[in-house]
Amino acid sequence: MATTTPTGVRGGHAGHGGHDASGGAPMTHRQIMEALAGLLLGMFVAILSSTVVSNALPEIIADLGGGQSAYTWVVTASLLAMTATTPLWGKLADLFSKKLLVQIALIIYVAASVVAGLSTSAGMLIACRVVQGIGVGGLSALAQIVMAAMIAPRERGRYSGYIGAVFAVATVGGPLLGGVITDTSWMGWRWCFYVGVPFAVIALIVLQKTLKLPVVKRDVKVDWTGAFFISAAVSLLLLWVTFAGDKYDWMSWQTGVMLVGSVLLALVFVLVESRASEPIIPLRLFRNRTITLASLASLFVGIAMFAGTVFFSQYFQLARGKSPTMSGVMTIPMIGGLFISSTVSGQIITKTGRWKAWLVSGGFLVTAGLGLLGTIRYDTTYWHIAVYMFVMGLGIGMMMQNLVLATQNQVDPSDLGSASSVVTFFRSLGGAIGVSALGAVMANRVTRYVKEGLADLGPEGAALGHGGTAGGAIPDLDKLPAPFRTVMEAAYGHGVGDVFLYAAPSALVAFLITLFIKEVALKTKAVNETGEPVPAPHPGE
């Protein structure tokens, strides 16, 4: 037997203001914010520890002797582990203590971050990023699940706005902090991995003191076989996407073997899930049209969202010659758009109970933003880029939280964890596929543009061939003479623009899918696992 948290929290703060563990008193707004404090801080740590590295990556990879492939894999490795483990965390949340799982995820992430700071090679760093991704998968899935355990769907939009705000602050603060750390001579990039440790310790303490969720007894049987096969299927698919076009041709026997292998592993997973008593992803969930469409939309918006943000640091540093710090400053418009739209949409959804218009508008704005970003080059006027980033940020903020919200509104309480993690899983899967595929595309495009640029310089330029980009190597612009540096900057500017342009159709597909999602007004009551309604929190308290 194990413990789990009922989906509607009542009396979760025993000893706080006279609420008893079995009573029916709803949690006040203040009590919910106290309970969410540690959770939001834990999310902040995870996001900060991830984004703080983004602007330092060009220097980290150059210092560790890696190339474009290593750069892509440092990002993809974390996404891969996050994708593969998210459904497992969701299922564990339906079976075990959610509070304990959040703490375990946080500890895993922090431990991996410390070891990552000691990396001596790109391979070691990538391995650490895999472990980090396991922790991120837990924090990403559990944050939404714990929130849903305490708050009715109608009120959840309001608190989802807080998650969006934390996401925005950590996303913009991370690159800025990472840039400053990297540019500070007595610290260096390794401190990017250490900086989150104090925040994590505080988060663990706050979680222990404030997150008080009641538990019920339940028989436990984790579907480890299903977890293995879904991890294997996703991993093989991402390996194919990463190596195709680089290690071997897209149309080759290796492609055939890896694709067939991924499909077979996925079919075995479906077979296992259909027979498991406690499946990782209950297949019955997909009988619900909203859940199926929301999952598909998450897949395609994940491709657009992750691919659209990962390559900004390379653009600003390698195409425009900016420092890691300035690279972070220049992405503020995108984060500002995300912050505004996630906060405002959350507040309005809470008042009206309507969410579809935000999803559709978000899909349109992400598509438009990526399409506009596809036109950028190394010498594009910055305010144009700022507007394009702002538009994309607005769209991401409208879609990211609300796809999960729409799903949570459609499921039974006992499936809340699994359903929430399914949407997060598909978003992470899309991101991993997008970063892998578009990273490979960018490496090829940059090499091509460099060769063309050097050829235009005449015999001296043509003699350099690839200009130091063979094998996807990342150049040190400061060591290049003026004409060759301009060629390199132009190549990276055009290459990143192509990446955004290739990501735009994915956002368009997500937008079209949202048109077919049927809107169901958000419930005004949360219910526990026995089906009893739980009143919404008192907003004025």
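FYI, the numbering just counts along the sequence from 1. Just the heavy atoms: all of them, side chains too, but no hydrogens, waters or symmetry mates, feed the values below.
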Problem set entry | For Ser506, the option from Ile303, Leu299, Val366 that meets side-chain contact (heavy atoms from CB on, under 4.5 Å) |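 That would be Ile303; it is the only one of Ile303, Leu299, Val366 passing the side-chain contact (heavy atoms from CB on, under 4.5 Å) with Ser506.
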
If you round to the nearest 0.5 Å, how far is [atom2] of [Y] from [atom1] of [X]?
{"X": "Met398", "Y": "Ile396", "atom1": "CE", "atom2": "CD1", "value": "11.5 Å"}
{"X": "Leu177", "Y": "Ile181", "atom1": "CG", "atom2": "CD1", "value": "4.0 Å"}
{"X": "His384", "Y": "Ile376", "atom1": "NE2", "atom2": "CD1", "value": "12.5 Å"}
{"X": "Leu454", "Y": "Glu452", "atom1": "CG", "atom2": "CD", "value": "10.5 Å"}
{"X": "Leu237", "Y": "Leu265", "atom1": "CG", "atom2": "CG", "value": "10.5 Å"}
{"X": "Leu372", "Y": "Thr380", "atom1": "CG", "atom2": "OG1", "value": "11.5 Å"}

Problem set entry | side chain to side chain contact (heavy atoms under 4.5 Å, CB included) assessment of Phe339 paired with Leu394 | CA-CA 8 Å; Phe339 177 86; Leu394 282 176; over 6 Å; no

Exercise. Do Phe500 and Tyr315 have their ring centres less than 6.0 Å from each other?
Worked result: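 No, too far apart.
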
Considering only heavy atoms from C-beta outward, does the side chain of [X] approach that of [Y] to under 4.5 Å?
{"X": "Ile108", "Y": "Val131", "result": "yes"}
{"X": "Leu318", "Y": "Glu489", "result": "no"}
{"X": "Val344", "Y": "Ile348", "result": "yes"}
{"X": "Trp355", "Y": "Glu519", "result": "yes"}
{"X": "Gln132", "Y": "Phe193", "result": "yes"}
{"X": "Leu373", "Y": "Met389", "result": "yes"}
{"X": "Met334", "Y": "Phe390", "result": "no"}
{"X": "Thr375", "Y": "Tyr388", "result": "yes"}

For this session: Evaluate side chain to side chain donor-acceptor pair (under 3.5 Å) for Tyr492 paired with Arg377, printing each intermediate quantity in order.
Result: CA-CA 8 Å; Tyr492 271 93; Arg377 299 295 181 261; over 6 Å; no

Tell me the closest heavy-atom pair linking [X] and [Y], and the distance in Å.
{"X": "Ser298", "Y": "Val423", "value": "OG-CG1, 3.0 Å"}
{"X": "Lys322", "Y": "Ser327", "value": "CB-N, 4.4 Å"}
{"X": "Asn402", "Y": "Ser345", "value": "ND2-OG, 3.9 Å"}
{"X": "Ala266", "Y": "Ala233", "value": "N-CB, 3.9 Å"}
{"X": "Phe516", "Y": "Leu293", "value": "O-CD1, 3.3 Å"}
{"X": "Ala491", "Y": "Val450", "value": "CB-CG2, 3.5 Å"}

Donor-acceptor pair, [X] side chain versus [Y] backbone, under 3.5 Å?
{"X": "Trp358", "Y": "Ser341", "result": "no"}
{"X": "Thr352", "Y": "Arg354", "result": "yes"}
{"X": "Ser119", "Y": "Ala116", "result": "yes"}
{"X": "Thr367", "Y": "Leu508", "result": "yes"}
{"X": "Asn288", "Y": "Ile291", "result": "yes"}
{"X": "Tyr382", "Y": "Met330", "result": "yes"}
{"X": "Lys356", "Y": "Lys518", "result": "no"}
{"X": "Arg448", "Y": "Gly495", "result": "no"}
{"X": "Ser78", "Y": "Val74", "result": "no"}
{"X": "Ser323", "Y": "Met326", "result": "yes"}

For this session: Return yes when atom CZ of Phe364 has more than 12 non-hydrogen atoms of other residues, nucleotides or ligands closer than 6.0 Å, and no otherwise.
Result: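 Incorrect, the count does not exceed 12.
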
Exercise. Does atom OH of Tyr502 have more than 12 heavy-atom neighbours, drawn from other residues, nucleotides or ligands, at distances under 6.0 Å?
Worked result: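 Result for OH/Tyr502: open.
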
For this session: Could you give me the CA-CA distance, side-chain angles and deciding distance for Ile134 and Trp89, then say whether side chain to side chain contact (heavy atoms under 4.5 Å, CB included) is met?
Result: CA-CA 9 Å; Ile134 295 173; Trp89 284 108; 4.3 Å; yes

Problem set entry | Residues Tyr449 and Asp498: side-chain donor-acceptor under 3.5 angstrom |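 Per modelled atom types, Tyr449 and Asp498 side chains form a pair under 3.5 Å.
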
Exercise. Do Ser262 and Trp240 have a side chain donor and acceptor closer than 3.5 Å?
Worked result: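 There is no such pair (donor and acceptor under 3.5 Å, judged by atom type) between the side chains of Ser262 and Trp240.
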
For this session: Assess whether side chain to side chain contact (heavy atoms under 4.5 Å, CB included) is satisfied between Val496 and Tyr378, documenting all intermediate values.
Result: CA-CA 9 Å; Val496 174; Tyr378 81 105; over 6 Å; no

For this session: Before giving the answer on side chain to side chain contact (heavy atoms under 4.5 Å, CB included), spell out for Ile385 and Arg320 the whole-Å C-alpha distance, their side-chain angles and the decisive distance to 0.1 Å.
Result: CA-CA 12 Å; Ile385 300 172; Arg320 300 184 79 99; 3.4 Å; yes

